[in-house]
Amino acid sequence: MQLYQRQLSRVLQRPSLSAGFLTSSRRNVGFLKPLDWVKERLGPGVKELQSEEEIQAAKEKAKQEGTGGLFEEVEIVTPTSPKPSKELKLFGKRETPKTKPDSHKYSTANFKISHRKLNMLGRQISGKPIDYAILQMQFSEKRASKRIMNMLATARDHAARYKRLEESKLVVAEAWVTKGPRTPTRIEPRGRGHYGTRTHPASKLTVVLKEGKTLEQQKADARKRKLKKIVSAALVREDRPIRNPSPTWASVFAASQSFENEAIVRSVELGGSIVHVTTTYAVKALDGGSKTYTIALGRDEREHSSWLEAKVKGSITPLPLKERSSQPNNKYTLLDVTLPKALPAGQTINLVLEAIQSHVTHPWPETSGQNEDQALKYTTNLFVLSPYATTVQRTKIKARNPQIISYTTPERVSNFVTEGEAASKSGATVTYGPFNDIPPSTSTTFLGKYQQPVTIHYGHDQPVLEILSLNRMVEISHWGANVNTQDDMVLHNAGPKLKGHFSRLEHQTQAFYKRQAPHVLPALTLHLPAGVRNTYYYDLVGNVSTSRLRVAPSVPKNKQGTSFSVLELKPRYPILGGWNYTFTLGWDSPLNDMASYDKSTGRYIVEVPIMTPILGAVVNTEELKIVLPEGATDLEFSTPFAPVSTSLGVHTTYLDTIGRPTITFNYKDLTVKHADNVYVSYKLSTMAHLQKPMAVATAFFALFTLGLIARRVDLTLHQKPKKK
Amino acid sequence: MNTAYPVPIDVPKSTIRNTASLLRIVALSLISGAAIASRLFAVINFESIIHEFDPWFNYRATRILAAKGFYEFWNWFDPTAWYPLGRVVGGTVYPGLMATSGVIYNVLHALNMPVDIRNICVLLAPGFSAFTAWATYMFTKEMKDESAGLLAAALIGIAPGYISRSVAGSYDNEAIAIFLLMFTFYCWIKALKQGSALFGTIAAVFYFYMVAAWGGYVFITNMIPLHALVLMLMNRFSNRLYVAYCSWYAIGTLASMQVPFVGFQPVSTSEHMGALGVFGLLQIIAFIRLVRSHVSAKQFDQLLSGVGVLIGILGALAFAFLTYKGKIAPWTGRFYSLWDTAYAKKHIPIIASVSEHQPTAWPSFFMDLQFLIFAFPAGVILCFKELRDEHLFVIIYAIMASYFAGVMVRLMLTLTPVVCVASAVALSSLLDTYIDPTEPRPEVEDRTDAVSEAGSVATNGSSTPHPNGQSKKAKKAAAAAPQTPKGALGDFIAATTPTPKGTAPRQKGIFGIDARLVVIINVLSMLFFFVFHCTWVTSNAYSSPSVVLASQNPDGSQHIIDDFREAYYWLRMNTPKDAVVMSWWDYGYQIAGMADRPTLVDNNTWNNTHIATVGRAMASSEENAYPILRKHDVDYVLVIFGGLIGYSGDDINKFLWMVRIAQGVWPDEIQESNYFTPQGEYRIDDRASPIMKNSLMYKMSYYRFNELFGGGQGQDRVRQQPVPKVGPTLDYIEEAFTSENWIVRIFQVKKEDPLGRDHKSANAFAQGKKRKHSKPAPRRRALVA
């Protein structure tokens with residue numbers, strides 16, 4: 001009874017609390033929100049009573065009218081002193097809200113094993129994430145491991161099902177072993193009448209699973225700890241914001257604000273040894289006045305792009321591109337494009353960046369039989385990087401024929417994909433994207449978190465050609481009105497290496513049925529200049545008799561006409577995957593076709609092609625040596641793109657006295673796009689023209705003079721008397 | 001005076017001499033031009049390429065010489081030849097050819113003429129043929145006169161016998177050797193005529209050059225002593241002979257010993273002993289003559305019978321003793337084969353297997369020399385008429401060279417110069433006689449003696465047969481007689497500028513111009529036909545590089561078959577640098593030169609056993625050949641197979657020589673008879689003997705050949721035999737490359753099976769064949785006593 005009263009009294013205590021709350025809450029209107037104050041003052045409707053006195057008065061009034069609330073009518077008994085918490089605890093078990101369990105304990109039954117042996121497993125798994133612990137047990141060689149593994153798996157399921165612990169976070173927080181019940185010992189007979197005792201121990205393993213740190217988290221923590229230790233300035237600290245950034249960085253931040261990309265579309269045309277990448281940026285200026293747009297390229301991409309050109313879409317003049325110097329361990333490089341004119345805010349422009357990549361594909365499988373197909377792998381990065389935010393971005397990768405064997409499906413891109421698949425294939429095209437709302441992607445976090453390589457494995461039906469080295473010597477002769485060009489090439493089939501051996505029978509069968517294997521190169525077609533003469537084609541063992549040449553007549557300068565002769569060049573043997581072939585190809589062409597004379601300055605200007613384009617082939621290194629006529633002075637030259645190195649020298653050949661000046665250019669990774677001209681201009685005096693005939697005349701004159709003298713010299717010691 | 005046709009009378013003597021001299025120079029340069037031009041067929045029809053086999057080695061050595069200098073070349077040890085033995089090249093070559101090219105190369109480069117070394121090598125032989133023409137001119141001039149010399153120069157310039165060895169690209173020792181041979185002979189004749197130590201020394205220097213250039217120098221080494229000996233036997237010893245021979249022999253022998261390959265041979269081998277003996281004999285005779293001039297005739301006779309015989313016997317005894325003790329090497333096998341044509345076939349199959357060592361078929365005499373072959377004896381007989389010392393030389397040379405040319409095809413080369421010289425003498429005499437405008441005066445009968453006295457050479461008059469003066473021969477001789485010293489031009493001069501001595505009119509001769517024209521036109525037309533013949537032979541027979549073959553397209557244009565270079569270049573580009581290639585020795589030099597890979601054997605056939613090893617590997621079955629291949633580190637085996645396009649010089653046709661050579665060393669393993677059918681036929685079709693069918697060579701040649709015919713009956717176009725329906729299979733080697741027309745087939749030797757099986761069972765396993773279970777091996781049991 002007493003107990004009941006006490007309980008009641010506790011219940012009755014409550015209204016006082018609620019009343020107290022009510023009184024303390026005051027609506028603070030008017031000070032910050034004048035509109036509300038006006039509404040309250042002037043507006044119709046029930047006016048809320050505000051102050052303590054008003055409320056008290058209202059309550060009094062209601063009491064008299066008998067319209068008060070239930071709680072108002074009950075006598076409030078204020079306890080003198082609150083009861084100690086002991087009593088509360090007694091009943092509190094039920095009262096307190098049920099807390100979520102934070103651990104799950106589970107154990108095996110006692111089974112026949114030594115506690116010492118079992119303890120090893122306990123020590124092995126304690127502290128490990130549960131999946132990792134299970135993995136450990138799966139591959140452990142201990143007898144008990146399988147049982148422990150099963151127990152762990154059960155414990156994990158129970159923890160998740162019954163205790164609602166998050167399964168991915170579970171770790172084996174504790175693991176211990178207890179001995180089981182003693183079983184009777186047995187006698188073990190020993191030699192010499194001795195005996196020992198045999199025990200049959202039993203024990204069990206108990207684990208406590210708790211939510212803890214997963215393996216990734218542990219690694220991240222470890223990394224954090226390590227990073228904290230770094231104090232040197234040499235490394236880029238990624239754990240702290242960069243203070244006081246250098247101008248390079250400052251411009252990144254500054255540039256970040258001036259543009260945004262409405263769309264980026266990258267289309268990749270897969271080839272054999274070269275890959276053509278066209279990236280279109282739909283750029284919108286955020287604030288006006290900026291003339292420099294920055295393009296970011298992945299480091300690998302930059303290294304393999306031997307040719308880069310930025311243009312405004314629809315125009316043909318390339319925009320100036322300037323590469324920023326970057327740290328060697330940076331994952332990307334930045335290129336500044338100078339726009340034709342500053343963009344006003346809100347205006348858009350379409351920029352096209354064309355890049356030719358070389359050495360980016362590799363054959364897979366790496367070897368292929370004579371009758372088998374050829375497949376290549378191409379790897380690129382999923383996202384086009386940009387220091388600006390991008391609204392939508394898409395990458396299309398096209399192969400030559402619809403024979404795409406596999407392609408990577410990107411991961412961790414769900415943030416950017418709104419609908420459809422992140423990667424899809426139709427015909428010969430693989431499309432990645434569209435990806436929406438990409439933040440400025442040159443940040444370390446973006447690169448680390450989202451940027452990822454994607455690989456396309458595709459069939460290719462053309463041989464993959466590489467010209468390992470090309471030495472071109474161009475000799476200009478004014479006496480012969482002739483320009484001699486000679487190329488020494490090392491040709492290599494960079495496709496899959498030939499598996500097994502070459503069988504002529506199979507090759508001839510293929511040729512007969514016109515089913516040439518795609519990686520076999522039987523012949524090459526080259527476009528030589530029009531009007532070539534004396535074409536020669538030989539290798540180290542002599543003339544190669546299998547070539548055929550169709551010469552187009554020479555076309556006068558600035559006239560229309562067929563601009564090339566066709567050389568069908570057949571190597572001595574068909575070039576299969578991994579095979580090499582070296583040869584020399586040379587020809588003479590009229591000087592008039594390539595040179596002009598500027599009367600006002602007295603200079604000759606000669607255009608010299610850097611290379612003869614071979615479709616689909618890449619020239620790894622080239623040395624272009626231009627031999628000018630003897631006595632040429634005031635050399636000047638201009639190149640369409642910068643050579644790796646340039647040097648001057650002297651070349652001495654037929655009938656030379658002082659030698660001919662030469663200019664040597666070295667190039668790397670040339671493609672069809674590089675087939676441009678170098679312009680060389682020089683002065684050649686009349687005396688220099690006459691040098692050769694004079695040298696020859698002098699030599700002959702000296703020879704005859706010597707002959708004259710020699711005939712008249714008599715060296716006989718003793719003159720024989722002439723017989724009469 | 002009477003002339004058959006009008007001759008300008010009042011031309012000054014000096015004008016005639018100068019004009020003649022100019023004409024000679026012009027003629028010689030034209031002859032040089034013709035000699036060079038006629039050798040360029042190979043370059044024009046094909047390209048500037050080194051021909052055949054040996055030239056490829058010479059070319060390779062020359063490249064080393066040009067690139068690294070003479071010292072390096074001298075010490076060059078070639079580890080890639082005769083793998084794994086290697087070859088000391090500097091000490092086993094005649095370096096003259098390479099040194100000549102090297103000098104030309106360096107001179108041209110010093111003059112800023114960057115001519116490719118290959119072009120120098122290719123054009124060396126034509127260039128030297130011009131020199132040969134000049135040397136022959138000089139030599140013949142000594143025999144008769146300048147006009148005969150010019151004729152001889154023209155003949156040697158285009159004679160196919162010489163062209164066959166000196167077309168452009170035939171970069172062989174003979175290219176320069178014939179020039180050296182002729183020039184040495186010229187210097188010797190000159191030295192002998194004048195008794196000049198200077199010319200003797202020059203002869204010695206050129207002899208040294210010859211020794212450095214060609215193994216055929218032995219011909220000179222024996223020709224000159226023989227000449228000297230004959231002169232002595234004919235009692236024509238003179239101080240001139242003594243001076244010429246001693247200066248030539250002493251300097252020449254010492255100089256020739258400087259060539260490492262020759263070394264001490266001039267004093268230790270039998271081939272050179274003749275020269276030494278003649279040298280000794282000369283000393284004895286000279287000594288005797290010296291003694292005779294000092295003592296009376298009676299004492300001299302006693303002395304001669306005593307001392308002379310004693311010295312002779314002692315010398316012979318010493319020679320026999322040294323030979324017996326082995327100080328003097330006996331005759332080599334090659335030399336024996338000169339005397340006994342069957343010797344090589346019996347004892348040295350390698351020498352016999354070379355086609356150019358076969359006895360000459362007589363049509364090839366006509367092919368190489370055409371009408372010279374019957375003008376030649378006439379010339380030799382004309383030499384007998386005068387029989388001066390130098391004529392004796394020509395006679396001896398003619399006899400010796402004719403014999404050797406009959407023994408070996410290759411020695412046709414040494415015959416050609418003397419044929420040209422002798423024919424030129426004969427033709428020139430004929431033309432001299434019939435062009436001479438002087439008309440005889442038949443009515444004056446008693447002038448005969450005056451004519452014979454007018455001859456400047458005493459011997460000539462006596463040899464003229466007076467009684468038979470009416471015969472044509474006699475007429476010719478009589479007409480030729482007065483001209484001999486000066487030739488036709490001298491006679492012309494004599495005719496135009498009358499002097500009391502030379503105007504003696506003859507009573508015998510040719511009357512009128514028509515009689516002259518008949519003979520002249522005949523001779524000229526023969527010469528013309530000779531030119532056509534030479535051009536035809538050169539362009540058709542001797543201008544094929546044999547590295548490159550040619551055939552015709554259906555439209556008549558030339559189609560080049562370039563399989564050799566295709567395969568060699570493939571080897572060069574796509575195999576490891578140290579991959580050892582095994583092939584029959586014919587292709588050794590070409591592989592070294594073009595493919596730049598080590599070879600087991602090559603054309604320098606110095607090690608018979610090694611060659612026999614290759615022959616044995618080719619001739620034995622795969623299982624037996626495999627250990628041989630592996631022991632020699634062979635990576636690739638190369639065979640030549642002509643069965644597809646009918647190239648008859650292929651390895652199956654040479655196969656019997658491989659068998660024979662291998663049999664010479666391993667008579668137990670290889671027997672020639674096993675490779676014939678029971679009927680004794682050499683066949684490759686179904687009826688071929690099983691050993692033949694299992695031989696490595698057969699298997700490699702016909703591997704997958706029948707598949708080419710797509711199920712039809714395959715035909716070997718060389719043997720004209722059908723190939724078996726089921727082709728051979730290979731277990732221990734695999735096909736690596738086959739050239740476009742299947743001429744060259746390259747096979748790779750498999751490495752040992754990684755699981756230690758033999759390749760036959762490994763292959764069978766890979767093909768899914770069940771292994772035949774033979775009876776299980778009996779268990780080892782302990783012997784119970």
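Here is how names work: the chains are called A, B, and so on, in the same order as the sequence lines, proteins then strands, and each is numbered from 1.
A:Arg504 forms no cation-pi arrangement with A:Phe502, by the criterion of a distance under 6.0 Å to the ring centre and an angle within 45° of the ring axis.
Looking at A:Gln374, its side chain does come within 3.5 Å of a backbone N or O of A:Gln462 through a donor-acceptor pair.
Residues meeting the side chain to side chain donor-acceptor pair (under 3.5 Å) test with A:Gln370, sequence neighbours left out: none.
Of all the listed residues (B:Glu47, B:Arg565, B:Met113), the one sharing the greatest number of non-hydrogen pairs under 4.5 Å with chain A is B:Arg565. Interface summary for chain A: among B:Glu740, B:Glu734, B:His109, the most heavy-atom pairs under 4.5 angstrom belong to B:Glu740.
Heavy-atom neighbours of B:Asn239 CG from other residues, nucleotides or ligands within 6.0 Å: at or below the threshold of 12.
Interface remark: B:Glu707 contributes backbone and side-chain atoms alike to the contact with chain A (heavy atom separation under 4.5 Å). Proximity to chain B is absent for every atom of A:Thr509, based on heavy atoms less than 4.5 angstrom apart. Contacts between B:Arg572 and chain A at a heavy-atom distance below 4.5 Å involve the side chain alone, from C-beta outward. Using a 4.5 Å cut-off between heavy atoms, B:Val548 makes no contact with chain A at all.
Screening B:Tyr587, B:Tyr589, B:Tyr171 for a ring pair (Phe, Tyr, Trp, His ring centres under 6.0 Å) with B:Phe57, the sole residue that qualifies is B:Tyr589.
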